[in-house]
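Whatever order the structure lists them in is the order used to number ligands and atoms, beginning at 1.
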Amino acid sequence: MSRTVWINGDLVPAEQATVSVFDHGLLYGDGVFEGMRIYSGKVFRLKEHLERLYESAKAICLTIPMPPEALVDATNLTVEENALEDGYIRLLVTRGSGTLGLDPNRCGNPQVIIIVDKIALYPAELYENGLEIITSSVIRNHPAALSPRIKSLNYLNNILAKLEGLQAGCVEALMLNHKGEVAECTGDNIFVVKKGELYTPPLDAGILAGITREVVLEIADADGVPTWEASMTKHDVYVADEVFLTGSAAEVIPVVKVDSRQIGDGRRGPVTKRLNELFKAAVRA
Ligand code: PMP
């Protein structure tokens, strides 16, 4: 079935939603985006996602040509138009079309695009049995090169790490930062459970400020689990009782093997299971 895409104020069939080959989003990955979930017909944490989008745009000096309230309406309208109870939203803003040179000041027409579709990221059994991941040799972007806080259209750093994971037979890969500390996975944040307490790398480890990460920290805290944002090494991950990943697309997914080390008893742990259940309840609350 053809989806309806929102592009610069118009709702059009997906085939008609096109951008120029001179768009710097295409030529240089110059733009920003968000990935969100629809649960029971509603966009989960839309306000937080849009806040992050405007902050990403600000960081790259890109003016989104409409206020957040209008983008809220446009997103909800696109969700309604596609009549999806559960699904995924990709919202992006490109720099617009310019010349073949880098100068972003020559791009006058940022493209605002909202795509809604079904989602099935990982097979259901992986949520029970857990993932195996490797640590990639590709480090996360140094914040002084391109801050991982910016959710930019330039994902090549993560794609290179993902490729390495896939070549090793893993669907996700762990990325360290330039100091050798644990940062995040290619499209997910990482959590570790040790002796009943929950740890995740801090924002200054050079990670995306994941919305799901924030929700899981809130849920765990409310459930009485001590939570810490603490820098960690690969060693902390290897010797954890439980490891799981979070993301809008991935939700809460257990990891049972890292660089061929079994985590805990090699099965989804009780804290991961509990937080996943609480997360599932929260997204439909
Ligand atoms: N880290 C990276 C690199 C991501 O791309 C994402 C989103 N896919 C996340 C973490 C998770 O962020 P969120 O929970 O906001 O989807």
Side-chain angles (χ1 to χ4, degrees), residues 29 31-39 43-57 59 75 86-92 115-117 119-122 127 131 133 135-136 138-143 145-166 170-178 181-192 198 200-220 227 229 237 243-253 255 272 275-276 278-280 282-283:
V32 293
F33 78 100
E34 278 300 321
M36 301 172 263
R37 277 264 191 175
I38 310 160
Y39 294 104
V43 185
F44 185 61
R45 300 265 170 148
L46 177 56
K47 188 172 145 275
E48 288 82 350
H49 279 282
L50 291 186
E51 250 170 50
R52 189 171 66 186
L53 180 82
Y54 280 82
E55 286 181 4
S56 293
T75 307
D86 290 288
Y88 184 78
I89 303 169
R90 174 57 53 89
L91 196 169
L92 54 141
I115 307 165
V116 169
D117 207 352
I119 180 166
L121 186 68
Y122 298 128
Y127 288 84
L131 300 176
I133 63 172
T135 305
S136 175
V138 179
I139 63 162
R140 192 69 176 93
N141 276 330
H142 191 299
L146 174 60
S147 172
R149 298 281 298 277
I150 303 171
K151 199 161 169 65
S152 87
L153 290 178
N154 186 336
Y155 251 55
L156 206 42
N157 176 225
N158 307 52
I159 288 169
L160 290 177
K162 174 109 180 172
L163 266 177
E164 199 177 340
L166 290 171
C170 300
V171 292
E172 250 301 5
L174 177 61
M175 302 179 81
L176 306 178
N177 66 18
H178 59 285
E181 299 161 343
V182 171
E184 59 182 340
C185 285
T186 68
D188 305 305
N189 291 111
I190 187 165
F191 283 82
V192 153
L198 190 61
T200 196
L203 296 185
D204 64 13
I207 61 170
L208 184 74
I211 311 287
T212 321
R213 171 185 178 277
E214 201 54 45
V215 173
V216 166
L217 284 171
E218 282 168 24
I219 286 174
T227 59
E229 292 179 75
V237 177
V243 174
F244 63 86
L245 311 181
T246 63
S248 297
E251 300 176 302
V252 176
I253 189 157
V255 171
T272 307
L275 291 176
N276 193 13
L278 291 172
F279 179 77
K280 281 190 175 153
V283 297

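In terms of the ring-ring contact (aromatic ring centres under 6.0 Å, His included) criterion, residue partners of Phe33 (sequence neighbours excluded) are, by chain and number, Tyr155. Partners of Tyr122 under the ring-ring contact (aromatic ring centres under 6.0 Å, His included) rule, at least two apart in sequence or in another chain, do not exist in this structure.
Protein heavy atom in closest approach to atom 5 (O) of ligand 1: Tyr155 OH, 2.5 Å. If you check which protein heavy atom lies closest to atom 14 (O) of ligand 1, you get Thr212 OG1, 2.5 Å. At the top of the distance list for atom 6 (C) of ligand 1, counting protein heavy atoms only, stands Gly187 O, 3.2 Å. For atom 7 (C) of ligand 1, the closest heavy atom belonging to the protein is Lys151 NZ, 3.3 Å.
Salt bridge annotation for Glu51-Lys47: present, with a cationic side-chain nitrogen under 4.0 angstrom from a carboxylate oxygen. A salt bridge links Glu251 to Arg37: one of the charged nitrogens lies within less than 4.0 Å of a carboxylate oxygen. A salt bridge is absent between Glu34 and Arg45; no separation between the charged side-chain nitrogens and carboxylate oxygens falls under 4.0 Å.
For ligand 1, the atoms sitting less than 4.0 Å from at least one non-hydrogen atom of Glu184 are 1 (N), 2 (C), 3 (C), 10 (C), numbered in the order shown with element in parentheses. Residue contact check: Ser248 has heavy atoms under 4.0 Å from atoms 13 (P), 14 (O), 15 (O), 16 (O) of ligand 1. Of all atoms in ligand 1, listed by their number and element, those nearer than 4.0 Å to a heavy atom of Gly247 are 11 (C), 14 (O), 16 (O).
If you check the side chains of Ser136 and Glu164, you find a donor sitting under 3.5 Å from an acceptor.
The parts of Ile211 lying near ligand 1 are both backbone and side chain, judged by heavy-atom distances below 4.0 Å. Contacts of Ile207 with ligand 1, taken as heavy-atom pairs under 4.0 Å, are absent altogether.
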